[in-house]
Amino acid sequence: MRGDMDRRAIATLSAGHGGVDFASGAIPALIPFLVAEFDLGYAAAGLLLLAVTASSSLVQPVFGLWSDRRGALWLLPGGLALAAVGTGLIGVAQSFAAVVALAFAAGLGIAAYHPEGAKFAAYASHRRRASGMSLFNVGGNLGYALGPIVVTPLVLWLGLAGGMVAAVPALVVAAGLVRALPRLAKLRPAGEVQREGAGENRSGAMAILVGVIALRSVAWFALLAFVPLWIVSQGGSKAQGNRELSLMLVAGVAGTVLLGPVADRVGLRRTLVVTQALLPPLILVFLEVGGAVGTVALMGVGFCVTIVLSQLYLPRNTGMASGLAVGLAMGIGGVAAVVLGGVADAIDLKAALVLAALAPALGVVFSLLLPSPRARLTAQAAGASPSATASPSL
């Protein structure tokens, strides 16, 4: 195995990641317009986010298991195409039920892409796992950020049907992925995919990590669903609300770029604990202070380094690891968004967002219980060439 990452493959996979997460970012941006179109309450707005989250997240472990056992590279272009078409058609749906169904279909496409994409990004990263996966995640975060940036002006200009125009670039990327499949297939290590490296699965550690990500996701999905509506409730416009959402997501791109190399140096687990601990105060500053300071605090929320750690806890099932980390755990956050929407309807939106901010604080406690995956890295180094024996501090 080479020590250097395959940057061309990482760029290809990152572009696809950007396409599917563009759909994830576009749907929250559509919520204020759909609320006005169908006269929805906060709980219904949360239900829409749950539709895409449930299909994109809760079923990801199934796709991860499929990826580990059989391999399915066709899920990369196929998943991206389904996500793009589902998201684009939301704008022309004639009923809220149809909107929910299309969001669910788009989520299935998102779910199909992530485990296979993350697994092959790990193959392309070689020993520079945190740096390579951070570059893979840059594409996803950038796509997420571009969702509201692109969709909002299109909807303001063309109405909800403008979402169909936004789907075209993602379909172009899907076509590019079809052409790249033969090259990506060469990244698969010799032998069965599950046996790609030394080390044993650590299911207990993975269970704790899923809990950490789930608690973090409660806050994340609450912000995705309700930041634009919070800004509107404070006297801002829908465009201003989506601008705040976009800034949060763009900051996540920068955070991913910076934290990948940091995690390689100081350790994935340490980086996770610090970023988890920062979330509650940042969200509370956004709510209580507002203005420019609040915007800066909101921008600090998008930092995350959990996929690589999950793959180190399940080294024999990297697809399943990504499905659990990005899928099941984050799906719990989507379910929580509906519950918090009910809280917002019953009390007010601020109460719901304050509750959301408390969840990551509990996650800090669980993150401190995570064992170090150092043993896994040591085993990898023992079987690697002398040039690939260095491992990050964890």
Side-chain angles (χ1 to χ4, degrees), residues 24-36 38-58 96 99-100 103-104 107 144 147-148 210-234 236 238 241-242 244-245 248-249 252 276-290 294 297-298 300-302 304 326-366:
S24 297
I27 291 175
L30 290 171
I31 286 178
F33 301 100
L34 293 168
V35 165
F38 296 103
D39 192 24
L40 306 176
Y42 289 123
L47 177 62
L48 178 57
L49 190 63
L50 174 62
V52 66
T53 303
S55 56
S56 67
S57 300
L58 296 179
F96 181 63
V99 168
V100 172
F104 188 87
Y144 230 130
V210 167
V212 172
I213 304 170
L215 290 165
R216 185 186 189 104
S217 298
V218 170
W220 178 249
F221 278 96
L223 292 172
L224 284 177
F226 301 129
V227 159
L229 298 176
W230 169 257
I231 297 300
V232 171
S233 74
Q234 299 301 299
K238 298 183 184 72
N242 280 337
E244 293 289 299
L245 180 64
M248 179 182 77
L249 297 172
Q276 187 87 7
L278 288 173
L279 285 179
L282 287 172
I283 295 172
L284 293 175
V285 168
F286 166 69
L287 294 174
E288 299 295 340
V289 179
L298 185 65
V301 173
C304 185
V326 183
L328 179 61
M330 297 188 73
I332 295 171
V335 173
V338 177
V339 175
L340 291 169
V343 172
D345 283 332
I347 306 175
D348 58 37
L349 187 54
K350 183 176 181 180
L353 289 172
V354 169
L355 284 176
L358 298 178
L362 180 59
V364 174
V365 177
F366 286 105

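Bear in mind that the values here come from a model prediction, so they are computed numbers and not experimental data.
Closest of all the heavy-atom pairs between Glu244 and Leu298 is O-CD2, 3.6 Å. Of all the heavy atoms in Pro32 and Lys238, the pair that sits closest is O-CE, 3.6 Å.
The number of heavy-atom neighbours closer than 6.0 Å to CZ of Phe366, taken from other residues, nucleotides and ligands shown, is 12 or below.
Here the side chains of Ile31 and Pro228 are not in contact, with every heavy-atom distance at 4.5 Å or above. Between Val301 and Phe286, the closest side-chain pair of non-hydrogen atoms is not below 4.5 Å.
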Please determine whether side chain to side chain contact (heavy atoms under 4.5 Å, CB included) holds for the pair Leu48 and Phe38, giving the CA-CA distance in whole Å, both sets of side-chain angles, and the decisive distance to 0.1 Å. CA-CA 12 Å; Leu48 178 57; Phe38 296 103; over 6 Å; no
Scan the side chains in residues 336-346 for donor-acceptor partners under 3.5 Å anywhere in the protein, sequence neighbours excluded, and list what turns up.
from	atom 1	to	atom 2	distance (Å)
Asp345	OD1	Tyr42	N	3.2
Asp345	OD2	Ala43	N	2.9

Determine all donor-acceptor pairs shorter than 3.5 Å in which one atom belongs to a side chain in residues 353-361; sequence neighbours excluded.
none

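Once rounded to the nearest 0.5 Å, the distance linking CG of Leu287 with CG of Leu282 reads 11.0 Å. From Leu284, atom CG reaches atom CG of Leu279 across 10.5 Å, with rounding to the nearest 0.5 Å. Note: Trp230 CH2 to Asp348 CG = 7.5 Å, rounded to the nearest 0.5 Å.
The salt bridge (Lys or Arg N to Asp or Glu O under 4.0 Å) analysis of residues 278-289, with sequence neighbours excluded, yields the pairs Glu288-Lys350.
Formation of a donor-acceptor pair under 3.5 Å by the Asn242 side chain with backbone atoms of Pro148 is not found in this model.
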